[in-house]
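Take a look at the structure set out below.
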Amino acid sequence: MSQKIYCIAMFRAKPGQEDALFKILQSLEPNSQREDGCIQYLATRHIQSDFAAGESFPLVFNEIWANKVAFEAHCQRKEIVDFFEQQCVAENGLVEAHNVCVYSDQPTNYDAPNL
């Protein structure tokens, strides 16, 4: 049974701060990508496309973790905690709004064997 965790971490910068925030998000990539449970950790920007006209926050981390334990360990790293405290919580931070969600690829009541 797959234990992978998929995280979408979305950010909206304060007016005029999107480029600065994107650089900060990118600076979190190298250490996060070195974590044992990290499969993918990539800061991305929303772009316009006639084939994908949905609404989104402008900046999004696309993350894949080996399992919930790896994801939760990542969330507790000092660098990540400091980012959220300094940029999302602090009044002078660059983030206007954020939304972090995790997903599983397992259907409800999936009965795969435990190996």
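Quick caveat, the model's predicted, so the values are computed rather than measured. Every heavy atom of this structure was used, including side-chain atoms; hydrogens, water molecules and symmetry mates were not.
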Are the side chains of [Y] and [X] in contact, using a 4.5 Å heavy-atom criterion?
X: Arg45; Y: Phe22; answer: yes
X: Ile80; Y: Ser32; answer: yes
X: Glu96; Y: Phe11; answer: no
X: Val102; Y: Lys68; answer: no
X: Val60; Y: His46; answer: no
X: Phe61; Y: Cys7; answer: no
X: Met10; Y: Leu59; answer: no
X: Lys4; Y: Asn67; answer: no

Distance from [X] atom [atom1] to [Y] atom [atom2], nearest 0.5 Å?
X: Ser56; Y: Ile8; atom1: OG; atom2: CD1; result: 9.0 Å
X: Ile5; Y: Phe71; atom1: CD1; atom2: CZ; result: 8.0 Å
X: Glu63; Y: Leu42; atom1: CD; atom2: CG; result: 10.0 Å

Requested in this report: State whether Arg12 and Glu18 are salt-bridged, where the test is any N-O pair (Lys NZ or Arg NE/NH1/NH2 against Asp/Glu carboxylate O) under 4.0 Å.
Outcome: no
Query raised in the report: Among all residues two or more places apart in sequence or in another chain, which pass the salt bridge (charged side-chain N to carboxylate O under 4.0 Å, His left out) test with Asp50?
Result: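 Listed in chain order: nothing, the list is empty.
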Can you name the closest pair of heavy atoms from [X] and [Y] and give their distance?
X: Gly93; Y: Lys14; result: O-NZ, 2.8 Å
X: Ala70; Y: Gly37; result: CB-CA, 3.7 Å
X: Gln33; Y: Cys38; result: CA-SG, 3.8 Å

Compile the donor-acceptor pairs under 3.5 Å between side chains in residues 83-92 and protein atoms, sequence neighbours left out, one pair per line.
{"residue": "Gln87", "atom": "OE1", "partner": "Leu94", "partner atom": "N", "Å": "3.0"}

[X], [Y]: one ILVMFWY side-chain cluster at the under-4.5 Å cut-off?
X: Tyr6; Y: Tyr41; value: no
X: Val100; Y: Leu25; value: yes
X: Ile39; Y: Tyr103; value: yes

